[in-house]
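Take a look at the following structure, please.
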Amino acid sequence: QVQLLESGGGLVQAGDSLRLSCAASGRTFGTYVMGWFRQAPGKEREFVAAINWSNGSPIYTDSVKGRFSISRDNAKNTVYLQMNNLKPEDTAVYYCAANRGAGVRQPSLYDYWGQGTQVTVSS
């Protein structure tokens, strides 16, 4: 059974940092793309960042470039999202997801999802 478990969310002030973790289990994710998405109340789920398990090339949405960094630890089967200089508009539930390499930015391409972790940034 595939499982993605996020952790690391919380309530912070603008300018602070958080690191989200996504622990993957249940299969080998060697060729999978691992993505982070977020969903704010009343809005659609949006792509934040993604990384390929094998080559590690990161991709970011424009609004987080220079502030967020995605990385992976293959030995721990864990993907991280380091979020620096957080802004109130970053407030959302953050989801980790995995897909077999069909794409990066579209949620519909992802096969597995975590339960989400809340990130709240106060001004």
Side-chain angles (χ1 to χ4, degrees):
Q1 181 180 358
V2 175
Q3 192 170 26
L4 302 177
L5 185 62
E6 304 101 332
S7 61
L11 172 62
V12 297
Q13 293 185 332
D16 286 350
S17 298
L18 279 174
R19 188 177 80 157
L20 306 183
S21 299
C22 173
S25 62
R27 68 161 298 121
T28 301
F29 288 90
T31 59
Y32 274 59
V33 171
M34 301 299 296
W36 285 98
F37 290 79
R38 64 187 180 187
Q39 189 165 18
K43 295 188 177 181
E44 293 186 352
R45 191 167 298 189
E46 67 168 346
F47 170 77
V48 176
I51 190 167
N52 189 292
W53 272 117
S54 58
N55 63 30
S57 298
I59 299 174
Y60 302 97
T61 192
D62 287 345
S63 62
V64 307
K65 284 181 181 177
R67 300 189 298 122
F68 290 14
S69 176
I70 188 170
S71 62
R72 78 208 192 283
D73 184 330
N74 290 350
K76 295 182 178 180
N77 241 18
T78 300
V79 177
Y80 304 98
L81 185 68
Q82 177 67 44
M83 306 185 294
N84 298 327
N85 189 22
L86 283 160
K87 303 176 180 181
E89 52 264 42
D90 294 319
T91 295
V93 177
Y94 283 71
Y95 297 91
C96 174
N99 84 63
R100 298 180 181 89
V104 176
R105 298 179 184 270
Q106 296 179 345
S108 61
L109 297 175
Y110 285 76
D111 305 294
Y112 306 105
W113 290 86
Q115 84 290 347
T117 184
Q118 177 71 46
V119 172
T120 303
V121 185
S122 63
S123 57

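Worth saying up front: this structure is predicted, and the values here are computed from it rather than measured.
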Exercise. Apply side-chain contact (heavy atoms from CB on, under 4.5 Å) to the pair Val12 and Thr120, showing each step before the final yes or no.
Key: CA-CA 6 Å; Val12 297; Thr120 303; over 6 Å; no

Practice problem: For Val33 and Ala50, work out which heavy atoms get closest and say how close. | Solution: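 Shortest heavy-atom contact: CG1-CB, 4.0 Å.
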
Self-check item: Nearest heavy-atom neighbours spanning Gln39 and Lys43
Solution: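 It is NE2-O, 3.1 Å.
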
Self-check item: side-chain contact (heavy atoms from CB on, under 4.5 Å) between Cys96 and Met34, intermediate numbers included
Solution: CA-CA 7 Å; Cys96 174; Met34 301 299 296; 3.9 Å; yes

Exercise. Return each pair, listed once, that meets side-chain hydrogen bond (donor to acceptor under 3.5 Å, both in side chains) where at least one residue sits in residues 103-113; pairs must be two or more places apart or across chains.
Key: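 Applying side-chain hydrogen bond (donor to acceptor under 3.5 Å, both in side chains) to every pair that reaches into residues 103-113, excluding sequence neighbours, yields Arg100-Asp111.
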
Self-check item: Same cluster (ILVMFWY, side-chain, under 4.5 Å), Leu81 and Leu11
Solution: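 In one cluster with Leu81: Leu11, no.
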
Exercise. With rounding to the nearest 0.5 Å, note down the distance linking CZ in Phe68 to CE in Met83.
Key: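 Phe68 CZ to Met83 CE: 5.0 Å, rounded to 0.5 Å.
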
Quiz item: What residues form a ring-ring contact (aromatic ring centres under 6.0 Å, His included) with Phe47, not counting sequence neighbours?
Solution: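 Result, ring-ring contact (aromatic ring centres under 6.0 Å, His included) vs Phe47: Phe37.
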
Self-check item: side chain to side chain contact (heavy atoms under 4.5 Å, CB included) partners for Leu5, two or more places apart
Solution: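 By the side chain to side chain contact (heavy atoms under 4.5 Å, CB included) rule, Leu5 matches Gln115.
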
Quiz prompt | From CH2 (Trp36) to CD (Glu46), nearest 0.5 Å | solution =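 Trp36 atom CH2 to Glu46 atom CD measures 14.5 Å (nearest 0.5 Å).
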
Quiz item: Can you check whether Val64 reaches Arg38 side chain to side chain, under 4.5 Å on heavy atoms?
Solution: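 Heavy-atom side-chain distance check passes, below 4.5 Å.
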
Quiz item: Is there any salt bridge (charged side-chain N to carboxylate O under 4.0 Å, His left out) pair reaching into residues 67-85, and which pairs are they, with sequence neighbours excluded?
Solution: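 For residues 67-85, and leaving out neighbouring residues, the salt bridge (charged side-chain N to carboxylate O under 4.0 Å, His left out) pairs sorted by first residue read Arg67-Asp90.
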
Exercise. List in chain and number order the residues that pass ring-ring contact (aromatic ring centres under 6.0 Å, His included) with Tyr80, two or more places apart in sequence or in another chain; answer none if no residue qualifies.
Key: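 By the ring-ring contact (aromatic ring centres under 6.0 Å, His included) rule, Tyr80 matches no residue at all.
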
Exercise. Locate the shortest heavy-atom distance separating Leu109 from Asn99; write the atom from each residue and the value.
Key: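 Reported closest heavy-atom pair: O-CB, 3.1 Å.
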
Quiz item: Distance from Leu18 atom CG to Leu86 atom CG, nearest 0.5 Å?
Solution: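 Here the rounded value is 5.5 Å.
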
Self-check item: Closest non-hydrogen atom pair, Ala98 against Tyr32
Solution: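 Minimum heavy-atom contact is CB-CD2, 3.8 Å.
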
Quiz item: Quick check: does any side chain N or O of Glu6 sit under 3.5 Å from a backbone N or O of Gly116, one acting as donor and the other as acceptor?
Solution: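 Such a contact is found between Glu6 side chain and Gly116 backbone.
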
Self-check item: Over all atoms of both residues, closest heavy-atom pair of Ser123 and Ala14
Solution: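 Residues Ser123 and Ala14, closest heavy atoms: CA-CB, 4.4 Å.
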
Practice problem: Among residues two or more places apart or on two chains, list those pairs meeting side-chain hydrogen bond (donor to acceptor under 3.5 Å, both in side chains) that have a residue in residues 9-26. | Solution: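 side-chain hydrogen bond (donor to acceptor under 3.5 Å, both in side chains) check on residues 9-26 returns Ser17-Asn84.
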
Practice problem: Examine distances only and state if a side-chain atom of Thr91 and a backbone atom of Val121 form a donor-acceptor pair shorter than 3.5 Å. | Solution: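 Such a contact is found between Thr91 side chain and Val121 backbone.
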
Exercise. Check for a donor-acceptor pair, side chain of Thr61 on one end and backbone N or O of Val48 on the other, with a separation under 3.5 Å.
Key: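 Side chain of Thr61 to backbone of Val48: no pair is present.
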
Exercise. Carefully, step by step, assess Leu20 and Thr117 under the rule side-chain contact (heavy atoms from CB on, under 4.5 Å).
Key: CA-CA 8 Å; Leu20 306 183; Thr117 184; 4.0 Å; yes

Quiz prompt | Point-to-point distance, once rounded to the nearest 0.5 Å, from SG of Cys22 to CD1 of Ile70 | solution =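 One gets 9.0 Å once the value is rounded to the nearest 0.5 Å.
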
